[in-house]
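This report refers to the structure that appears directly beneath it.
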Amino acid sequence: MAVDSVLSSPLGPPACEKDAKALQFIEEMTRNADAVQQRVLDEILTRNSQTEYLKRFKLDGVTDRETFKSIIPVVTYEDLQPEIQRIANGDRSPILSAHPISEFLTSSGTSAGERKLMPTIKEELDRRQLLYSLLMPVMNLYVPGLDKGKGLYFLFIKSETKTPGGLLARPVLTSYYKSEHFKSRPHDPYNVYTSPNETILCSDSFQSMYTQMLCGLYEREQVLRLGAVFASGLVRAIRFLQLHWEELALDIRTGTLNPQITNPSVCERMGKIIKPNPELADFVANECCKENWEGIITRIWPKTKYLDVIVTGAMAQYIPTLDYYSGGLPKACTMYAASECYFGLNLNPMCKPSEVSYTIMPNMGYFEFLPHDPTSTTTTSSPTNLVDLVDVEVGKEYELVITTYAGLYRYRVGDILRVTGFHNSAPQFHFVRRKNVLLSIDSDKTDEAELQGAVENASKLLREFNTSVVEYTSYADTKTIPGHYVIYWELLMKDLNNSPSDEVLNRCCLAMEESLNTVYRQGRVACNSIGPLEIRVVKNGTFEELMDYAISRGASINQYKVPRCVNFAPILELLDSRVMSRHFSPSLPQWTPERRR
C-alpha cells in the first residue's frame with residue numbers, strides 16, 4: 001500500500017516511508033545536478049589537494065571547474081599505471097588519494113592482457129551501498145507486492161589475489177559481497193534472496209551454482225523475480241539446471257546433499273534447508289525431462305514477474321534466449337556501474353531493453369563527457385572539448401570521463417553513451433558500447449589489437465606446413481551455452497601435400513586462447529562462462545565475396561576494410577555456407593589468479 005500523499009514523489013507513489021525518502025533523495029540530487037557536481041568536485045579536490053598527483057600539476061588547492069579543466073589532463077589507465085603500480089608495490093604515501101587505498105578493484109577491462117587495477121577507499125562502499133538502496137524503491141513503483149516473496153539471484157564471488165605490497169585485488173562485486181554492507185545487511189522485505197550468504201560466498205563456482213539453484217527450487221512458490229548480474233549469467237544458470245536437474249531432484253527427494261558439495265559452511269547451512277520432498281522432486285523431474293524448455297522459468301517459478309539482468313551493450317545478444325526460456329518476461333536493467341565508479345540507475349526499469357536509459361546520479365563522482373562521433377574512428381582527447389554533466393545534448397554520443405573520491409582524475413572510462421533525455425537537470429544515457437571492444441561473451445572484452453595478436457601467434461603453428469592466414473573475421477556465438485568465440489580463417493596453402501591436420505588447427509584454437517587476456521581465460525577455466533574457441537576454415541575467395549556483398553550494399557571499394565567482427569545475419573550466412581572444416585580448442589588455456597609480474 002502506498003504511503004500518505006504528503007510523502008508522494010514526482011516519480012510515483014512510494015510503497016513505504018523508506019521508499020519515499022529514497023525517491024525524495026533522487027529528486028533532490030537530480031533537480032540540483034549542477035550544484036551537486038560542483039560540491040563533489042570541491043570535496044574531491046579539497047581532500048586530495050596534498051596528494052602527489054595534484055601537486056604535480058600545481059593546482060594549489062584551487063577547486064573551481066575552469067582551473068581544474070585547464071590544468072589537469074584527461075588520462076587513460078596506461079597514463080596512471082606507474083602511480084598505480086607504486087601503490088600496488090606497497091607505497092603508502094598519498095599518491096592519488098589522501099585517504100588510504102583499502103584495496104584494488106579489478107576491472108573487466110584489461111591492459112597488456114591483465115585486469116586493470118582500480119584503487120578504492122573504504123568510504124566508496126558507503127557510496128555504492130547508497131546507490132543499491134535506491135533500486136528497489138524505484139522498482140516498487142512499477143511492480144507491486146515484491147515484499148510478498150523472494151528473489152532468486154545467482155550471485156558469485158571470483159578469485160582474489162594480493163599485490164606485492166599486500167593489498168587485496170578483486171572484482172568490485174566480490175568486494176561488495178564479502179563486505180559487512182552485504183553480509184550484515186538489515187532485513188528488507190522488498191529485497192530477500194533465496195540464496196543464503198554461504199552459497200554466494202562459496203568460491204567454488206559449481207558448488208555455489210548448485211546450492212543456489214537447489215535453494216531456488218525448494219522455494220519455487222516464493223520466487224517473484226529471477227536475476228544475475230549479466231544476462232549471460234542467467235542463461236548459464238538455466239543451462240546448469242538442464243545439465244544437473246537429475247542430481248538436484250534426487251537431493252530434494254531424499255533430503256540429502258550431493259556429495260560433490262564439500263564446502264563446510266555451505267554444507268552446514270544447506271543442512272538446515274534441505275528436507276525430503278518427493279512431490280517437489282517429481283515436479284522438477286517432470287518439467288526438466290521434457291525436450292522443450294520454452295518457458296521453463298515460468299513453469300518452474302510460476303510467480304516470476306520479471307528478470308533482473310543487464311541486457312544492454314554486448315549482453316543484448318542474449319535477449320532472444322532469455323525470451324525463449326522465460327516466455328517473454330520483462331527484463332529489468334536497474335543500474336549502471338563499473339569498477340571505477342558507480343554511475344546511476346534506470347528510473348524506468350520495466351522498459352524494453354532497447355529503450356533502457358540510465359540517469360546519472362551527480363553525487364557519485366564528478367562527470368565530464370568527451371564528444372564522440374559515431375562515424376569517426378577517432379575520438380579527440382582535448383581537455384577543452386569536454387562537456388559538463390548538465391550541458392550534454394540529447395541525441396549526441398559521448399565518452400564518459402570521471403573524477404572520483406578514490407583518486408582518479410579526468411579518467412576515460414571507455415564507455416560510449418548516447419543522451420536520451422533528462423530527469424530534472426540530470427541527463428539520461430543509453431549505453432551504446434565499450435570503446436574498441438570487438439568480442440564479448442560474459443565479462444570478457446577483446447579488442448581488435450588483441451584479436452590480431454592472437455591470430456598472429458596461432459598462425460605461427462602453420463609455418464611448417466607452408467600455410468598462412470590470408471584473412472580472418474570473428475563472431476561471438478551465444479547460441480551455444482556457454483557462448484564462445486568463432487574465428488573465420490581463409491588459408492593460403494602453398495603445398496597441398498603438406499597441409500595442416502585437424503590436430504594442428506585444434507592447437508591453433510588453443511594458441512589463440514593462450515594469447516587472450518586474463519579475463520577471457522578466467523571465464524574459460526574458473527567460471528565456465530565461455531566455451532572453447534572455434535576456428536572455421538572457409539573456402540578460398542570467401543573474403544572477396546564478402547567484399548562484393550559489402551560493395552553491393554553501398555560500401556566504397558576504395559575504403560573497404562575486412563570487418564574483424566561480424567554479427568549481420570546475411571554475412572554470417574555467407575561465411576557459414578563457405579565453411580570447409582571446424583576446429584575447437586582441445587584443452588583449457590593456462591590461467592591462475594596471480595597477476596603476471
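Numbering starts at 1 and runs along the sequence shown.
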### Message
Run Glu355 and His430 through side-chain contact (heavy atoms from CB on, under 4.5 Å) and show every step you take.
### Response
CA-CA 8 Å; Glu355 297 171 359; His430 175 71; over 6 Å; no
### Query
Between Asp415 and Arg433, is the closest basic N to carboxylate O distance under 4.0 Å?
no
### Query
Under 4.0 Å between a Lys/Arg side-chain N and an Asp/Glu carboxylate O for Lys69 and Asp388?
yes
### Query
Where do Met118 and Lys116 land on the side-chain contact (heavy atoms from CB on, under 4.5 Å) test, with the steps shown first?
CA-CA 6 Å; Met118 295 300 164; Lys116 295 176 182 176; 3.9 Å; yes
### Sidechain-backbone polar pair: Ser70 side chain, Glu66 backbone, donor-acceptor under 3.5 Å
yes
#### Entry: side-chain contact (heavy atoms from CB on, under 4.5 Å) assessment of Leu386 paired with Arg410
CA-CA 10 Å; Leu386 270 67; Arg410 308 197 85 193; 3.6 Å; yes
### Query
Under 4.5 Å between any side-chain heavy atoms of Thr304 and Leu224, yes or no?
no
### Query
Would you call Arg56-Glu52 a salt bridge at under 4.0 Å N-O?
yes
### Query
Do side-chain atoms of Glu399 reach the backbone of Leu370 as a donor and acceptor pair under 3.5 angstrom?
no
### Query
Where do Met315 and Ile441 come nearest, in terms of heavy atoms and distance?
CE-O, 3.6 Å
#### Entry: Check: Tyr177 and Leu155 side chains under 4.5 Å, non-hydrogen atoms
yes
### Task
Kindly indicate whether the side chain of Tyr325, heavy atoms from C-beta on, has any atom under 4.5 Å from the side chain of Thr298.
no
### Task
Please report the closest heavy-atom contact between Cys341 and Thr404, naming both atoms and the distance.
CB-CG2, 4.1 Å
### Message
Distance alone, cut at 3.5 Å: any donor-acceptor contact between the side chains of Arg418 and Tyr398?
### Response
no
### Summary
Here the pair of heavy atoms bringing Thr403 nearest to Ile44 is O-CD1, 3.6 Å
### Query
Is Pro330 close to Leu307 at the side-chain level, that is, under 4.5 Å between some pair of heavy atoms?
no
### Query
Is the NZ or CZ atom of Arg185 positioned over Phe182's six-membered ring, under 6.0 angstrom from the centre and within 45° of the axis?
yes
### Message
Within the structure provided, determine whether Leu96 and Ile87 are in side-chain contact (heavy-atom separation under 4.5 Å).
### Response
yes
### Message
If you apply the rule side-chain hydrogen bond (donor to acceptor under 3.5 Å, both in side chains), what do you find for Thr67 with Asp64, and how did you get there?
### Response
CA-CA 6 Å; Thr67 306; Asp64 68 278; 2.9 Å; yes
### Query
Would Tyr358 and Phe429 satisfy ring pair (Phe, Tyr, Trp, His ring centres under 6.0 Å), going step by step from the backbone distance to the final call?
CA-CA 5 Å; Tyr358 300 103; Phe429 293 93; 9.7 Å; no
### Message
Closer than 3.5 angstrom, by distance alone: can the side chain of Asn32 be matched with the main-chain N or O of Glu28 as a donor-acceptor pair?
### Response
yes
### Task
State whether Lys331 and Asp323 are salt-bridged, where the test is any N-O pair (Lys NZ or Arg NE/NH1/NH2 against Asp/Glu carboxylate O) under 4.0 Å.
yes
### Message
I'd like to check Leu329 versus Tyr306 (side-chain heavy atoms, cut-off strictly below 4.5 Å). Are they in contact?
### Response
no
### Task
Check the side chains of Gln428 and Thr359 for a donor-acceptor pair under 3.5 angstrom, ignoring hydrogens and angles.
yes
### Message
Against Leu117, only a single residue in Leu80, Ile101, Thr106, Leu105 fulfils side-chain contact (heavy atoms from CB on, under 4.5 Å); can you say which?
### Response
Thr106
### Task
For His99 and Asn48, run side-chain hydrogen bond (donor to acceptor under 3.5 Å, both in side chains): C-alpha distance rounded to whole Å, both residues' side-chain angles, the deciding distance at 0.1 Å, then the answer.
CA-CA 8 Å; His99 286 221; Asn48 293 325; over 6 Å; no
### Query
When rounded to the nearest 0.5 angstrom, what distance separates CG in Leu400 from CD1 in Ile402?
6.5 Å
### Any donor-acceptor N/O pair, Tyr142 side chain to Leu347 backbone, under 3.5 Å
yes
### Message
Would you say the ring centers of Tyr520 and Tyr485 fall short of 6.0 Å from each other?
### Response
yes
### Task
Report yes or no: does Lys305 contribute a side-chain atom to a donor-acceptor pair with the main-chain N or O of Pro144 at less than 3.5 Å?
yes
### Task
Evaluate the ring pair (Phe, Tyr, Trp, His ring centres under 6.0 Å) criterion for residues Tyr132 and Tyr176: first the C-alpha distance (whole Å), next the side-chain angles of each, then the deciding distance (0.1 Å), finally the verdict.
CA-CA 11 Å; Tyr132 282 127; Tyr176 176 66; 4.5 Å; yes
### Query
Does NZ or CZ of Arg128 lie under 6.0 Å from the centre of the six-membered ring of Tyr342, at an angle within 45° of the ring axis?
yes
### Task
Check step by step if salt bridge (Lys or Arg N to Asp or Glu O under 4.0 Å) holds for Arg65 and Asp34.
CA-CA 11 Å; Arg65 281 186 242 207; Asp34 198 48; 2.9 Å; yes
### Main-chain N/O of Phe104 paired with Thr120 side-chain donor or acceptor, under 3.5 Å
no
### Any side-chain heavy-atom pair of Cys565 and Tyr475 under 4.5 Å
no
### Summary
Note: Leu134 and Met361 closest approach over all heavy atoms is CD1-CE, 4.0 Å
#### Entry: Polar side-chain atom of Ser425 near backbone of Arg31 as donor-acceptor pair, under 3.5 Å
yes
### Query
Between the main-chain N or O of Ala426 and the side-chain N or O of Asn424, is there a donor-acceptor pair closer than 3.5 Å?
no
### Message
Quick check: Tyr409 with Tyr366 (ring centres under 6.0 Å apart)?
### Response
no
### Message
Regarding Asp79 and Thr76, do their side chains bring together a donor and an acceptor under 3.5 Å, going by distance alone?
### Response
yes
### Task
Assess the side chains of Ser175 and Glu103: does a donor N or O sit below 3.5 Å from an acceptor N or O?
yes
### Message
Regarding Lys18 and Asp188, does a basic nitrogen lie under 4.0 Å from an acidic carboxylate oxygen?
### Response
yes
### Message
For the backbone of Ala15 and the side chain of Asn140, can you confirm whether one donor and one acceptor N or O come within less than 3.5 Å of each other?
### Response
no
#### Entry: Aromatic ring pairing Phe369/Phe367, orientation class (parallel under 30°, perpendicular over 60°, tilted between)
tilted
### Task
Give the minimum heavy-atom separation between Ser49 and Gly61, together with the two atoms involved.
CB-CA, 4.3 Å
### Flag, side chain of Ser326 to backbone of Ile297, donor-acceptor distance under 3.5 Å
no
#### Entry: Leu130/Asn363 under side-chain contact (heavy atoms from CB on, under 4.5 Å): CA gap, chis, key distance, verdict
CA-CA 10 Å; Leu130 173 61; Asn363 59 303; 3.5 Å; yes
### Message
Counting neighbours of NZ on Lys158 that are heavy atoms of other residues, nucleotides or ligands and sit closer than 6.0 Å, is the number greater than 12?
### Response
yes
### Query
Taking it one step at a time, do Glu27 and His423 satisfy side-chain hydrogen bond (donor to acceptor under 3.5 Å, both in side chains)?
CA-CA 9 Å; Glu27 287 299 298; His423 180 74; 2.6 Å; yes
### Task
Return yes if a side-chain donor-acceptor contact under 3.5 Å exists between Ser232 and Asp442, otherwise no.
yes
#### Entry: Steps toward side-chain hydrogen bond (donor to acceptor under 3.5 Å, both in side chains) verdict (Glu43, Tyr405)
CA-CA 8 Å; Glu43 288 174 357; Tyr405 286 90; 2.6 Å; yes
### Message
Less than 4.5 Å apart, side chain to side chain, heavy atoms only: is that true for Glu397 and Val432?
### Response
yes
### Message
Which heavy atom of Val392 sits nearest to which heavy atom of Val387, and what is that distance?
### Response
N-CG1, 3.6 Å
